[in-house]
There are 2 protein chains.
Amino acid sequence: MTEPRNGSNADVTTSEGIDTQVIEAFLGYSARRASLVILANFVRRMAPLALRPVDFTVLALAGSNPGITSSQLCQLLDIQSPNLVVLIKQLQDRGLIERRPHPTDGRAMGLHLTASGQGLVDQATTLAHEADDEASGKLSAAERQTLARLLRKVYQ
Amino acid sequence: MTEPRNGSNADVTTSEGIDTQVIEAFLGYSARRASLVILANFVRRMAPLALRPVDFTVLALAGSNPGITSSQLCQLLDIQSPNLVVLIKQLQDRGLIERRPHPTDGRAMGLHLTASGQGLVDQATTLAHEADDEASGKLSAAERQTLARLLRKVYQ
DNA sequence: TATTGTTATACTCTATAACTATA
DNA sequence: TATAGTTATAGAGTATAACAATA
């Protein structure tokens, strides 16, 4: 008697009678589907502030790390630098961040939140927590913490 | 004493001294990062068979559900039908699947694996399990099952 | 009237090549 | 020589509109 690889006795057949067991057995499938659900909810909740997930991430990091550089963000977030240029320019045009010369490296520019940017990040953080709570609404608090811990363990 | 929202006492500061706590507190961030790591590993492992994750998913579902239709795949996988048309055409051109008229619905076409397609799916399934095991190598077997269960709970 | 599948197309996201200024 | 940042562009992924055939 082989145990199902997904470690569950849950019904993996849809109401239409499609057998999805073969794909739900894979972590990659479940991780991607869950990620898309959570992200879609985030985007919907954050729509009033017109912030994409990556925008919020950059703003939040700039808030916690004044003077953070583009190259640091690229390395941390796995973003290609040419793509980050556009993103930063947009945040700058919206008056949310400022770029100041790096104190010791003449090539680099440090990112700093403006007062307006700080205010938006504060609002966005509240919304993001609400979105997260909603997306993980089917989980208990303990399950949510476990999920977060296991996910970090995978990508770190 | 407020417990950190991410439910961890782990060091959330990178070696460069960047404070990432503010973003790692969010399930959306961790889920996306983990998903990308797992998917990238999958793509690398599956490269010899030239199958993208979505290709493997469709082939595997066609294998488990002979005669499955495009509309069923669209609904199940959250794919827009125009995009699925191209995908199926490619799999058909590679001789991996056949499309046969639906027995009762004259509009629909059922998908069926060819012998060649079944052989490729078998190889791909082995590779996919290896990829999954590698991507979750930092997790114990119990943790892996827990993660899979919690992810399904989020997106189902 | 609704649904399946299709074509064409636009939009977003991501990746690469080549360049400058500085380390 | 290597790195930070930039420009231009290509590619992949995803979404929308409009249509024909069938339910």
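Basis for what follows: all heavy atoms, side chains included, without hydrogens, waters or symmetry-related copies. Reminder, nothing fancy here: chain letters follow the sequence lines and each chain counts from 1. Source: prediction; values computed, not measured.
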Enquirer: Are B/Arg52 and D/dG13 close enough that a side-chain N or O sits under 4.0 Å from OP1 or OP2?
Expert: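 Affirmative; the distance criterion is met.
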Enquirer: Below 4.0 angstrom from OP1 or OP2 of D/dG5, is there any side-chain N or O of A/Ser71?
Expert: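 Checking D/dG5 against A/Ser71, a side-chain N or O does come within under 4.0 Å of OP1 or OP2.
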Enquirer: What is the distance from atom CG of A/Leu27 to atom OG of B/Ser136, rounded to the nearest 0.5 Å?
Expert: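 It comes to 5.5 Å.
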Enquirer: Can you tell whether the side chains of A/Arg149 and B/Glu24 come within less than 4.0 Å, N to carboxylate O?
Expert: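 So A/Arg149 does not pair with B/Glu24 through a salt bridge.
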Enquirer: Applying a 4.0 Å non-hydrogen cut-off, can you work out what B/Ser81 is touching in the nucleic acid: base, sugar-phosphate, or nothing?
Expert: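 If one applies the 4.0 Å heavy-atom cut-off, B/Ser81 turns out to touch a base.
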Enquirer: Respond yes when some side-chain nitrogen or oxygen of B/Arg99 is under 4.0 Å from OP1 or OP2 of C/dG5, and no when none is.
Expert: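 B/Arg99 to C/dG5 OP1/OP2: no side-chain N or O under 4.0 Å.
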Enquirer: Do any N or O atoms from the side chain of A/Asn65 and from the backbone of B/Asp19 form a donor-acceptor pair under 3.5 angstrom?
Expert: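 Answer holds: yes.
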Enquirer: Under 3.5 Å, is there a donor-acceptor pair between the B/Ser71 and B/Thr69 side chains?
Expert: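 The criterion, which ignores hydrogens and geometry beyond distance, is satisfied for B/Thr69 and B/Ser71.
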Enquirer: Looking at the base of D/dA15, is there any donor atom on it, or on the side chain of B/Asn83, that sits under 3.5 Å from an acceptor on the other one?
Expert: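 Answer is yes: a donor-acceptor pair is held.
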Enquirer: Just how far, in rounded Å, is P of D/dT22 from CZ of B/Arg107?
Expert: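 In whole Å, D/dT22 P and B/Arg107 CZ are 10 Å from each other.
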Enquirer: Using whole Å, what does the distance between atom C1' of nucleotide D/dT6 and atom CE of A/Met109 come to?
Expert: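 Rounded to whole Å, this separation is 12 Å.
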Enquirer: Quick one: is B/Gln80 getting a side-chain N or O under 4.0 Å of the D/dA15 phosphate, OP1 or OP2?
Expert: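 For B/Gln80, the contact criterion (side-chain N or O under 4.0 Å from OP1 or OP2 of D/dA15) is met.
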Enquirer: Could you give the CD-to-C1' distance, from A/Gln90 to C/dT12, as a whole number of Å?
Expert: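 Between C1' of C/dT12 and CD of A/Gln90: 11 Å.
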Enquirer: Could you tell me how far apart A/Leu84 (CG) and D/dA4 (P) are, to the nearest whole angstrom?
Expert: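 The distance from CG of A/Leu84 to P of D/dA4 comes to 13 Å, rounded to the nearest Å.
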Enquirer: B/Asn41 side chain to B/Ala131 main-chain N or O, any donor-acceptor pair under 3.5 Å?
Expert: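 Side chain of B/Asn41 to backbone of B/Ala131, a donor-acceptor pair under 3.5 Å: yes, one is there.
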Enquirer: Separation of B/Leu39 atom CG from D/dA12 atom C1', in whole Å?
Expert: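 Nearest whole value for this atom pair: 14 Å.
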Enquirer: C/dT4 C1' sits how many Å from B/His102 NE2, rounded?
Expert: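 Computing the B/His102:NE2 to C/dT4:C1' distance gives 11 Å.
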Enquirer: Roughly, in whole Å, what's the span from CG in B/Asp55 to P in D/dA12?
Expert: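 In whole Å, D/dA12 P and B/Asp55 CG are 13 Å from each other.
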Enquirer: Could you say whether A/Asp78 or A/Gly106 is positioned toward the 5' end of DNA chain C, judged by the nucleotide with the nearest heavy atom to each?
Expert: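 Closest to the 5' end, via its nearest nucleotide, is A/Asp78.
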Enquirer: Does a side-chain N or O of A/Lys89 approach OP1 or OP2 of D/dT7 to a distance below 4.0 Å, or not?
Expert: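 The answer is yes; a side-chain N or O of A/Lys89 sits under 4.0 Å from OP1 or OP2.
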Enquirer: Atom CD1 of A/Ile68 and atom P of D/dG5: how far apart are they, to the nearest Å?
Expert: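 Rounding to the nearest Å, CD1 of A/Ile68 and P of D/dG5 are 11 Å apart.
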Enquirer: When the nearest nucleotide of DNA chain D is assigned to A/Pro82 and to A/Ala108 on a heavy-atom basis, which residue is associated with the more 5' position?
Expert: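 Upstream on the strand: A/Ala108.
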